[in-house]
Every structure is written in structure tokens, then in C-alpha cells.
Amino acid sequence: MAKHATPLLDQLESGPWPSFVSDIKQEAASRAKNVKGVDYQVPADACDDVLGIMELSYVHKRTHWKHGGIVGVFGYGGGVIGRYCDQPEMFPGVAHFHTIRVNQPGGKFYSTAYLNQLCDLWELRGSGLTNMHGSTGDIVFIGTTTPQLEEFFYELTHKIGQDLGGSGSNLRTPSDCIGEARCEYACYDTQALCYAMTQDYQDELHRPAFPYKFKFKFDGCPNCCVASIARSDMSFIGTWRDDIRIDQEAVKAYIGGEFKPNAGAHAGRDWGKFDIQKEVIDLCPTKCMWMDGGKLVIDNRECTRCMHCINVMPRALRIGEDKGLSILVGAKAPILDGAQMGSLLVPFIKVEEPYDEIKEVIENIWDWWMEEGKNRERLGELIKRQGFQKMLEVTGIDPMPQHVQEPRHNPYIFWREDEVPGGWQRDIKEFRKYHQR
Amino acid sequence: MAFISSGYNPDKPMEDRITDIGPRHFDEFYPPVIKANKGKWLYHDILEPGVLVHVAESGDEVYTVRAAGARLMSVTHIREICEIADKYCGGFVRWTTRNNIEFMTTTKESAYALKADMESRKFDGGSFKFPVGGTGSGITNIVHTQGWIHCHTPATDASGPVKATMDVLFDEFKNMRMPAHVRVSLACCLNMCGAVHCSDIAILGFHRKPPILDHEYLDKMCEIPLAVAACPTAAIRPSKVEYDGKTVNSVAVKQERCMFCGNCYTMCPSMPLADDEGDGIVLMVGGKVSNRISRPTFSKVVVAFIPNETPRWPTTTSTIKRIVDVYAANANKYERLGEWAERIGWERFFEKCELEFTHHLIDDFRDPAYYTWRHTSQFKF
Ligand code: SF4
Ligand code: SF4
Ligand code: SF4
Ligand code: SF4
């Protein structure tokens with residue numbers, strides 16, 4: 001028998017999509033039965049009370065969770081978010097129900113041995129409920145009590161060799177696309193760079209010293225599967241600067257219908273015979289490709305590497321060989337002055353261990369933001385407030401047309417004194433010799 | 001319950017302490033075929049919805065079966081995933097950015113056996129545990145936030161609306177018949193932990209009532225200067241208030257200035273915003289993050305408010321379904337939802353999708369607003 005009646009939530013059990021309600025019920029039943037004889041360190045009926053409090057929210061149409069207090073593990077300023085419910089008498093099992101963020105491994109690849117270790121730990125010391133994964137990328141463990149935090153952390157580090165992720169005004173847990181591990185479009189090893197930056201900046205990740213949160217995301221190519229360009233203060237997007245590699249035989253095979261365009265992504269509808277002119281050449285945003293006597297020609301200097309032609313004909317077209325990444329900065333959600341997309345700062349940089357060139361850009365940006373950023377000011381807002389030029393100055397990067405979509409619309413140029421011959425100190429008497437009052 | 005010590009000694013927290021070790025190295029978790037062919041993949045094909053093959057220079061192949069997961073997941077469910085991965089995939093599995101689970105094997109036969117096995121598994125309540133799909137020009141899993149399961153500021157739930165929406169869009173998860181892929185995301189308040197601002201379809205929780213002021217406790221519970229500073233529109237000021245015959249320190253809110261962001265509540269628990277009639281959902285469409293053909297773009301608000309209709313949000317899901325259907329019927333191959341809307345013009349988008357255009361949809365927030373008004377004599381009747 002369920003501890004609480006949940007007639008509203010029960011309606012979310014039907015329908016084909018995996019039901020989180022059924023899953024929580026399954027966990028509640030497993031804890032009630034406890035066939036393995038686990039000595040649960042948080043209330044065994046925590047999942048029942050989660051269902052109970054959720055049901056109440058479905059009746060009231062309001063959340064029943066209160067703010068986090070300051071809880072955490074010794075020496076870290078992030079990784080744990082305090083959470084308490086506002087009906088502890090009705091739902092004692094979730095009176096204290098803190099979240100723990102665990103830094104996910106690169107590409108979100110797992111061995112089952114490791115996952116089972118995590119499950120055992122979380123079953124013993126938590127509610128048994130998780131998010132796989134949180135929106136930043138962490139493994140999120142939902143629901144434990146304050147006394148369990150240090151115990152959890154001790155076992156996580158000692159037994160599983162695994163650390164927490166970030167929260168608060170620090171470097172948030174970086175995340176990466178699958179990249180070279182299984183994607184032919186990857187222009188650099190996203191997992192390697194993401195791992196190196198996570199390790200090199202552990203202090204920034206665990207001990208909040210920034211004006212606000214800061215996110216790194218690593219996309220292997222301009223398809224941007226981890227949305228770095230929209231979601232990270234610093235976005236690393238793979239690109240190349242030589243020629244797209246063409247296999248003319250394979251191009252013919254696409255034209256002839258032997259290969260499915262777009263790797264079969266449109267196979268669910270009859271879109272008619274593949275038409276390279278209409279589907280690839282005419283859609284190229286720079287119109288830099290054409291057919292010449294049965295051969296596909298690309299004017300690579302004019303190509304902006306949008307990926308369209310490569311996505312449509314992956315067996316015929318491959319990214320170039322002189323690979324690297326672009327760095328875009330300042331993306332954020334709308335709070336407050338509106339959403340910002342990443343802005344291009346470094347058009348091309350080689351991705352070579354130990355990544356010193358990349359780290360120099362990162363650290364120059366951080367020095368500036370930590371010095372000048374106001375409390376709760378994201379990097380993108382600082383760039384807007386102090387100007388793109390200021391960012392170029394602190395990073396020592398020369399201005400170039402690639403930095404803008406178009407030149408400025410107003411002539412309100414803030415000339416510096418040293419740019420104007422003779423400087424700004426002038427003699428009014430000298431001026432008056434020629435210009436009466 | 002008896003307290004089980006991990007070995008941690010609270011009197012000497014630094015004894016044997018391990019810190020700053022970061023995540024485990026990804027190399028440990030690659031299936032052998034991935035490790036052997038990393039960086040040497042040649043091409044891929046989607047064999048059918050949810051089943052991919054990647055082919056490497058070496059001739060090696062890896063078959064991937066992609067299944068949906070509710071991102072809220074129990075350890076019992078994760079153990080079942082492990083059991084499947086042990087049986088078919090040599091003990092390896094991965095998740096995608098959009099909460100899907102990917103099982104990889106090296107033969108087509110085992111991939112199809114795996115698929116059949118996964119699709120046979122159902123929860124007691126009747127839903128699929130591991131529906132296979134979410135590839136190509138279809139609608140894959142929704143990225144989302146916490147909602148009423150675990151956050152203090154949501155204006156709607158997350159897991160519930162996601163489940164209800166994906167039930168309605170299920171056929172599109174199992175198919176690849178859209179003009180291009182359609183990315184749906186949900187954030188349950190304006191903070192947008194889920195960063196839904198660049199999605200083809202974004203479901204956003206929104207409050208519509210300014211904070212209620214709990215004068216009796218406000219000064220005791222909150223740092224008033226922090227609450228004042230938290231407000232992005234400077235709607236809050238410190239104020240002395242008569243309460244229960246006494247003068248107490250509290251705050252006053254200029255209500256017409258409030259944009260319902262909830263920042264004050266995050267700083268000060270004595271300023272709650274949540275309300276059953278005030279809260280609900282905003283729908284935004286036409287954003288994207290990919291650089292393919294056109295540049296990345298923000299989503300635009302096309303429905304200003306839909307009430308929280310628990311437990312299945314029927315108005316929200318039917319509106320989304322209508323937009324998806326009209327898009328699918330009208331857009332060109334490869335055209336994303338936003339690209340289609342821009343090609344036909346937003347005036348035509350509202351007409352075709354049978355959405356009402358109200359004053360709420362015209363931007364009036366600071367500088368960026370101007371750039372969204374029409375600065376040409378070209379428009380459609
Ligand atoms: S961002 Fe590019 S390289 Fe990375 S997974 Fe997506 S398509 Fe592949
Ligand atoms: S990558 Fe894009 S811009 Fe370059 S040739 Fe292909 S379609 Fe044109
Ligand atoms: S979007 Fe808002 S309400 Fe939802 S989880 Fe994030 S902060 Fe909480
Ligand atoms: S909800 Fe936001 S805008 Fe409204 S008073 Fe609070 S901080 Fe200010």
C-alpha cells in the first residue's frame with residue numbers, strides 16, 4: 001500500500017513516455033521491501049514522501065520546497081545545494097533533502113561497475129533518486145540529510161575515486177559533446193580538453209571566488225550538440241581552416257541514390273529523389289559550391305564551415321585536416337538584460353597539450369572579470385558594460401573584421417588620447433589668438 | 001537505523017581527506033571499439049529511428065541503440081540499465097546531452113536483439129521504460145530542470161509537463177518525418193537553469209504576481225540590503241512598516257516594476273511569488289544553437305500565458321502539437337522551425353498556427369526591444 005494517495009500523479013503513469021512517477025513508486029517499493037537488508041541512512045520512506053509532497057504541489061500548483069541553507073562539505077564552497085520542505089510534519093522523510101552534484105565523466109560514458117558503485121552509495125546514504133543528468137551536465141543526487149554529506153563525500157572520494165561538481169559563484173562543471181569518441185565531425189578531442197580544464201581548474205570549481213557562475217562547454221564542431229554557443233560563458237567550438245575533403249565517387253553515389261542523404265535522418269517521409277543542387281548547393285549560405293562536369297567544387301576560402309553540406313553527405317565530405325577551435329564568450333540566459341549568444345573572440349587556436357595558449361585566454365578573461373565584474377554579473381554583461389574593445393585589450397587580441405557581424409552603426413568612437421596627434425592638452429590662449437571670444 | 005560511519009572523523013576533517021581529484025578519467029569508460037577507433041570515424045548512418053551505425057577507417061563498426069530516459073531516475077532503474085549493458089554491451093553505456101541513454105554493440109544482430117529487449121520493458125504503470133528513437137529529423141527527448149520535485153522558485157513543474165508533452169509527441173520521437181530536427185526544452189522559471197532560450201520549442205514557467213511580503217519575519221529571515229540589491233528592475237526599497245501595532249523594518253515593492261523574476265525570493269524567503277492562478281507557462285519558438293545554414297538564434301515568445309493545468313497540461317501540449325503539425329506540413333526539407341517562421345513571416349506563422357497575437361508579445365524590455373519591431377514597409381496581409 002502506498003503511504004500517500006496520489007490520484008493526480010497517478011495520471012502521469014499512463015501514456016508511452018517513461019513515467020517518472022512509476023519510477024519513483026518502484027524505488028519506494030524497493031526501499032519498503034529492502035530485500036538486500038540495507039541499513040538506509042536517510043528515511044526509508046523518503047520516496048513515498050517525495051510522491052506525497054509532489055501530489056500536494058499538483059493540488060496547490062505551487063512548490064513545497066524551501067531555500068537551501070548553507071550546507072556543504074568541509075573546504076568546498078559548492079557541489080551541495082541545501083533543500084528543505086515546507087511541510088516537514090506531513091512529510092518527515094523529506095524534511096531535509098539536499099542535492100549533491102557529482103562531476104560526470106567525459107562524454108557521459110560509464111562502466112556499469114562504476115554506476116553500480118554510485119547506486120549502492122546513493123541507496124545507502126540518500127533517497128535513491130537521481131537526475132541523469134542535471135542541465136549543466138552533473139550527475140545529480142536528489143535528497144539526503146546534513147549528517148550524510150561528509151560521509152557521502154568520504155566514500156565518493158575514497159572508494160570511487162570521484163569528486164563533486166560545481167555550484168554557486170564558481171566554475172560550473174564543464175561538459176563536452178561525444179566528439180572524437182564516436183563522431184566523424186569532431187575537430188578536436190573534446191573529452192581530453194574538457195578533462196584537462198576540469199582538472200587544471202579544480203580550485204576555481206570547488207571554491208567560489210568569482211563574481212557569479214562561469215561555464216565552459218566543449219563542442220567538437222559547429223553543429224554545437226552541447227549548445228556551448230548559447231549556454232556557456234566560454235564556448236569552445238571545433239573548426240578547421242583548410243579544405244573540406246571531397247570524395248567525388250561518394251558524391252556520385254549520393255546523386256545516384258546509393259547513399260541515403262543526411263545519414264538517413266529524413267528517412268521517415270518521402271521527400272522525393274535526392275537533388276544535390278536543391279538540397280546542398282542552393283542551401284549553402286555562402287554559395288561557395290557548384291557542380292563542374294559531374295564534380296562537386298567548393299571554393300573553400302569562401303566557406304564559413306556551417307556543416308550543412310557535410311551533414312547531408314557525410315560519406316562524401318569530411319572536415320579539413322588543419323583542425324582547431326574557435327572561442328566564443330559571454331553566452332547566457334535572459335536574466336537580466338536579455339539573452340546573449342556567445343561572441344567570437346578567438347577565431348582559431350590549435351588544440352595541443354598542455355593547452356597553454358587556450359589557458360592564457362581563459363586566465364586573462366578571468367583576471368579581468370574578477371577585477372571588474374560586479375556581484376552577480378556574468379561575463380557577457382561585463383563585456384557589454386565595458387565594451388568589446390576592453391576585452392580585446394585585456395586578452396591582447398587584435399581587432400579584426402571576424403569579431404563583428406557588421407561595423408558599428410554610430411560614429412561615437414571613444415578615441416584614446418594617444419591615438420590623436422598632439423594629444424588632448426591644448427592652450428586656450430594660443431587658440432584665442434585666432435578665434436575671438 | 002544505525003549510523004554507519006564511512007571512516008570520516010568529524011573531529012579531524014582533514015585526516016586522510018581526498019579533494020580536488022575531479023571526475024574519473026573518460027578513458028576508463030570507453031567501450032573497446034570506441035577506444036580503438038577514437039578520432040578515426042569515417043561516417044555514420046541511421047538505420048532506423050533510434051539505431052545508428054558508425055563506421056571507422058579500420059572497418060570497425062559500432063551500433064548504437066538510443067532510448068529515452070526520464071532524467072529523473074531511480075537507482076533501481078539505473079541498475080536495470082546496467083543489467084542491459086552487461087548483457088549486450090560489455091558493461092558500458094552512455095547518456096546523451098538530451099537525457100537519452102545509448103547502448104553500443106559491435107554487431108547488427110546484437111543491436112536488434114538489444115532493441116527488442118529494451119522495447120519489451122515497461123513500468124508497472126504501463127509506460128515504456130526504454131522507448132527507442134530520438135534520432136535524425138524527429139523530436140528527441142526534452143532537456144529540462146527540476147520543477148516541483150526539488151526547487152524553491154518554479155512557476156510550473158518540470159517532469160510532469162515533460163512527460164505529458166512527450167506522450168503527445170511520442171510518434172515523432174519514434175519517427176523521422178520532420179523537415180529538420182525539433183529541439184524542445186523546458187525551464188520552470190526565468191532563471192532558466194535549462195537555458196531554453198535557443199530551442200525550437202521552449203516551455204518556460206513564469207510567475208505573474210509580485211512577491212507577497214511576510215513583514216513579520218522579513219527582517220529576521222533576510223538581509224534587507226541583499227534583497228534590495230537582488231532586484232534587477234530596482235522595484236524593491238527598504239521600508240518601515242506598521243505590523244501588528246509595531247513598526248518593523250521591511251521592504252516595499254513597486255509592483256508595476258516587477259518582472260516576476262523571483263531573484264528577491266532567492267535572496268529572501270519572506271518574499272514568495274508562487275501562486276496557483278498567477279503561475280503558468282510561456283511558450284517560445286524558433287531558436288537554435290547549431291550554425292548550420294543560418295546562425296544560432298534565440299527563441300521568441302508566441303504564447304504569453306497558459307495556466308498550470310495539472311496533472312497533464314492539456315492546453316500546453318495541444319498548442320505544442322499544433323505548432324509541430326503546422327511546421328511539419330509547411331516547412332521545406334532541412335528548414336528549422338525558426339527558419340520556416342522567418343521565411344513565411346511571423347504574421348503568417350501566427351495565422352497558420354492559429355495563435356492569438358496580443359500586446360504581451362511585443363518586446364518592451366530595454367534596448368533589445370527596438371531591434372524586434374518592424375523597420376520596413378514590407379509585410380504580409
Ligand atoms: S558537436 Fe559536432 S563533433 Fe560534437 S557530437 Fe555534435 S556533431 Fe559531433
Ligand atoms: S560547410 Fe556550409 S558554407 Fe561551407 S561549403 Fe558546406 S554548406 Fe557551404
Ligand atoms: S529553472 Fe528556476 S525553478 Fe527551475 S530548477 Fe532552475 S532555478 Fe529552479
Ligand atoms: S520578482 Fe524580480 S523584479 Fe519582482 S520584485 Fe522580485 S526581484 Fe524585483
Side-chain angles (χ1 to χ4, degrees), chain A residues 8 11-13 15-20 22-23 27 30 57-58 61-63 65 67 74 103 105-106 108-109 111-112 119 123 128 131-132 135 150-151 154-155 157 163 180 184 191 198-199 202 222-224 226-227 229-231 263-266 268-269 271 307-308 314-315 333 336 338-339, chain B residues 6 8 13 18 20-24 26 29 34 38-39 41 43 45-46 70-77 82 85 91 94-95 97 123 125 127 136-137 148 152 154 159 163 166-167 170 175-177 192-195 197-198 232 269 274 276 289-293 296 298 308 310-311 333 368:
Chain A
L8 291 172
Q11 296 177 50
L12 287 167
E13 289 201 272
W17 193 252
S19 167
F20 67 101
S22 300
D23 194 10
E27 195 59 27
S30 154
S57 281
Y58 270 62
K61 303 181 182 181
R62 294 185 300 269
T63 190
W65 298 102
H67 290 68
F74 189 80
N103 193 329
K108 300 194 176 87
F109 280 97
S111 71
T112 54
C119 288
E123 184 172 44
N131 287 152
M132 295 296 280
S135 36
E150 288 290 355
E151 308 297 328
Y154 193 92
E155 291 197 313
T157 50
D163 207 338
E180 288 188 350
E184 66 270 27
Q191 263 110 72
T198 307
Q199 294 296 346
Q202 280 288 296
N223 280 332
C224 283
V226 288
I229 199 167
R231 299 194 50 187
H266 287 82
R269 201 202 286 194
W271 291 94
M307 295 298 293
H308 175 63
R315 296 177 77 156
L336 170 69
Chain B
S6 59
Y8 169 75
I18 299 176
D20 299 87
I21 55 174
R24 288 269 288 269
F26 52 86
F29 299 143
I34 294 292
K38 184 172 173 181
W41 296 102
Y43 66 90
D45 257 318
I46 306 171
R71 94 165 192 168
L72 182 75
M73 204 170 262
S74 71
V75 295
T76 302
H77 194 62
C82 290
R94 76 173 287 265
W95 269 258
T97 309
F123 283 110
S127 64
S137 295
W148 294 335
H152 64 285
S159 300
K163 158 77 174 146
M166 285 314 291
D167 276 341
F170 193 69
N175 262 297
M176 304 189 293
R177 55 191 184 189
M192 289 196 193
C193 319
H197 57 291
C198 297
D276 56 340
V289 296
S290 141
N291 293 274
R292 184 175 185 172
I293 303 178
F298 297 123
N308 277 324
T310 57
K333 189 178 180 187

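Each chain gets a letter, A, B and so on, in the order the sequences are listed, and its residues count up from 1.
- Residues B:Gly22 and A:Gln199 come closest through the heavy atom pair CA-NE2, 3.6 Å.
- Between B:Phe123 and A:Glu13, the closest side-chain pair of non-hydrogen atoms is not below 4.5 Å.
- Under the 30°/60° scheme for interplanar angles, the aromatic rings of A:Tyr58 and B:Trp148 are found to stand perpendicular.
- Using a 4.5 Å cut-off on side-chain heavy atoms (C-beta onward), B:Asp167 and A:Pro16 make contact.
- Only the side chain of A:Ser30 comes within less than 4.5 Å of a heavy atom of chain B; its backbone N, CA, C and O stay farther away.
- Among A:Glu184, A:Gln191, A:Met307, the residue with the largest count of heavy-atom pairs under 4.5 Å with chain B is A:Glu184.
- The closest side-chain heavy-atom distance from A:Asp23 to B:Leu72 is not below 4.5 Å.
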message: Determine whether A:Arg315 and B:Asp45 satisfy the following criterion, side chain to side chain contact (heavy atoms under 4.5 Å, CB included), listing intermediate values before the conclusion.
response: CA-CA 9 Å; A:Arg315 296 177 77 156; B:Asp45 257 318; 3.5 Å; yes
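- Proximity to chain B (any heavy atom under 4.5 Å) is restricted, for A:Thr198, to the side chain, taken from C-beta onward.
- By number of non-hydrogen pairs under 4.5 angstrom with chain B, the leading residue of A:Ser57, A:Gly264, A:Pro105 is A:Ser57.
- Side chain of A:Thr112 to backbone of B:Ala85: no donor-acceptor contact under 3.5 angstrom is found.
- With B:His197 contributing its side chain and A:Ala230 its backbone, the two residues share a donor-acceptor pair below 3.5 Å.
- Residues forming a ring-ring contact (aromatic ring centres under 6.0 Å, His included) with A:Trp17 (at least two apart in sequence, or on another chain): B:Phe173.
- Using a 4.5 Å cut-off between heavy atoms, A:Ile229 touches chain B through its side chain atoms alone.
- Highest contact tally toward chain B, considering only A:Ala227, A:Pro314, A:Gly338, A:Pro222, is held by A:Pro222 [criterion: heavy-atom pairs under 4.5 Å].
- In this structure, A:Arg269 contributes its side chain and B:Arg177 its backbone to a donor-acceptor pair below 3.5 Å.
- Here the side chain of A:Asn223 pairs no donor or acceptor atom with the backbone of B:Ser290 at under 3.5 angstrom.
- For B:Asn308 (side chain) and A:Lys61 (main-chain N/O), no donor-acceptor pair under 3.5 Å exists by modelled atom type.
- When the side chain to side chain contact (heavy atoms under 4.5 Å, CB included) test is applied to A:Glu151, the partners found at least two apart in sequence or on another chain are A:Arg125, A:Gln148, B:Phe3, B:Ser5, B:Ser6, B:Tyr8.
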task: Begin with the C-alpha distance, continue with both residues' side-chain angles, and end with the deciding distance and a verdict on side chain to side chain contact (heavy atoms under 4.5 Å, CB included) for A:Ser135 and B:Met192.
output: CA-CA 10 Å; A:Ser135 36; B:Met192 289 196 193; over 6 Å; no
